[in-house]
Amino acid sequence: MTITIDRRSGLFTPELSDRINTMSDNLWNDIQSLEVPDKLYKETVTPFKIQTTVSTARQNCFSVGRVHIINIVFNGEIKSDKFVELGYLPFAPVADIITTNGTYEAIYKVEAGTNKLLINTLNNTLKSFECYFFYIS
């Protein structure tokens, strides 16, 4: 799609209109000749497990390079008004992680450079609860 200016419109002189139309055509042709090289996917997906203090948990955790996706559903009861250990991550994050569960009844925390997954249920009693987040190590 080129932008053309009618050389008789009076907006520009006919010579300037021709120059603008030529530049517009050249730019459009240059854009059309651009090629994006195919990028081959080079990362691998690696599943891993988290050691948890709750005996029954369904896990679907995996890594893609340095990005780690945590997906756990715990089947147990927990209640606390302070941060307590919930599990241990195999990869330490580069920054602090602070997130909530889906119902905002608990806060999860992992400090940068450590592997301890902590939970504070804000004095709520959780029976079956989930933990979903991702981070970079």
Side-chain angles (χ1 to χ4, degrees):
M1 177 183 119
T2 59
I3 299 171
T4 57
I5 298 174
D6 183 3
R7 60 187 332 253
R8 288 172 272 169
S9 68
L11 183 61
F12 300 106
T13 63
E15 294 80 20
L16 184 56
S17 295
D18 291 342
R19 285 181 58 199
I20 291 171
N21 289 339
T22 301
M23 287 190 292
S24 176
D25 287 340
N26 291 341
L27 178 61
W28 178 251
N29 291 334
D30 288 345
I31 290 171
Q32 292 303 308
S33 68
L34 289 176
E35 289 184 23
V36 177
D38 291 335
K39 182 175 181 179
L40 300 176
Y41 186 70
K42 296 181 181 179
E43 297 290 351
T44 58
V45 177
T46 308
F48 64 89
K49 294 283 185 186
I50 294 177
Q51 296 175 346
T52 65
T53 58
V54 178
S55 60
T56 56
R58 290 188 326 254
Q59 298 189 34
N60 187 18
C61 305
F62 56 94
S63 299
V64 180
R66 292 180 49 213
V67 177
H68 311 289
I69 295 93
I70 308 299
N71 180 357
I72 306 174
V73 176
F74 294 97
N75 294 317
E77 190 171 297
I78 189 166
K79 179 180 181 177
S80 69
D81 60 350
K82 61 182 179 182
F83 283 102
V84 295
E85 290 182 20
L86 184 60
Y88 297 93
L89 304 176
F91 312 101
V94 296
D96 289 347
I97 300 168
I98 299 174
T99 187
T100 64
N101 68 342
T103 56
Y104 304 105
E105 296 173 325
I107 299 173
Y108 300 106
K109 178 171 91 169
V110 183
E111 294 179 1
T114 67
N115 294 64
K116 287 183 186 177
L117 173 61
L118 306 172
I119 186 171
N120 182 341
T121 65
L122 308 171
N123 220 18
N124 295 309
T125 301
L126 302 181
K127 292 192 179 181
S128 179
F129 56 100
E130 69 282 343
C131 180
Y132 305 112
F133 64 92
F134 68 94
Y135 70 98
I136 298 172
S137 64

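Annotation for Asn21 and Thr4: closest pair OD1-CA, 3.1 Å, computed over non-hydrogen atoms. Between Glu130 and Thr103, the shortest heavy-atom contact is OE2-N, 4.1 Å. The two residues Ala92 and Ser137 come nearest to each other via the heavy atoms O-CB, 3.2 Å.
Judged purely by atom type and a 3.5 angstrom limit, Thr53 uses its side chain to pair as donor or acceptor with the backbone of Glu85. Judged by distance alone, with hydrogens and angles left aside, the side-chain atoms of Ser80 form no donor-acceptor pair with the main-chain N or O of Phe83 at under 3.5 Å. Looking at Asp25, its side chain never comes within 3.5 Å of a backbone N or O of Thr22 through a donor-acceptor pair. No donor-acceptor pair closer than 3.5 Å links the side chain of Asn75 to the backbone N or O of Ser128. With hydrogens and angles disregarded, a donor-acceptor distance shorter than 3.5 Å links the side chain of Asn101 to the backbone of Ala106.
A distance of 9.5 Å separates NE2 in His68 from OG1 in Thr46, rounded to the nearest 0.5 Å. Leu117 contributes atom CG, which lies 9.5 Å from atom OG1 of Thr52 (distance to the nearest 0.5 angstrom). Separation of atoms CG (Leu126) and OG1 (Thr121) is listed at 5.5 Å; rounding is to 0.5 Å. With rounding to the nearest 0.5 angstrom, the CG atom of Leu86 is 5.5 Å from the CZ atom of Phe129. Considering CD of Glu105 and NZ of Lys79, their distance stands at 12.0 Å, rounded to 0.5 Å. Note: Asn115 CG to Ile50 CD1 = 10.5 Å, rounded to the nearest 0.5 Å.
Put simply, Val84 and Ile72 are part of the same group of oily side chains (I, L, V, M, F, W, Y) that touch within less than 4.5 Å, one to the next. When hydrophobic clusters are built by joining Ile, Leu, Val, Met, Phe, Trp and Tyr residues whose side-chain heavy atoms come closer than 4.5 Å, directly or via intermediates, Phe134 is not grouped with Tyr108. When the side chains of ILVMFWY residues are joined at heavy-atom separations under 4.5 Å, either directly or via intervening members, Phe74 and Ile78 end up in a single hydrophobic cluster. Hydrophobic clustering (ILVMFWY, side-chain heavy atoms < 4.5 Å, transitive): Leu118 and Leu89 are in distinct clusters. One hydrophobic cluster, built from ILVMFWY side chains closer than 4.5 Å, cannot hold both Ile97 and Ile69; they sit in different ones.
Annotation: ring pair (Phe, Tyr, Trp, His ring centres under 6.0 Å) contacts of Tyr132 (sequence neighbours excluded): none. Applying the salt bridge (charged side-chain N to carboxylate O under 4.0 Å, His left out) test to Arg7 and every residue at least two apart in sequence or in another chain returns Asp18.
Within the structure, ring pair (Phe, Tyr, Trp, His ring centres under 6.0 Å) contacts touching residues 48-67 (residues at least two apart or in different chains) are Phe48-Phe91.
With respect to Lys109, the side chain to side chain contact (heavy atoms under 4.5 Å, CB included) criterion is satisfied by exactly one of Ile119, Ile98, Thr114, Asp96: Ile98.
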- [ ] Take Tyr104 and Leu122 through the test side-chain contact (heavy atoms from CB on, under 4.5 Å) and record every step on the way to the result.
- [x] CA-CA 9 Å; Tyr104 304 105; Leu122 308 171; over 6 Å; no
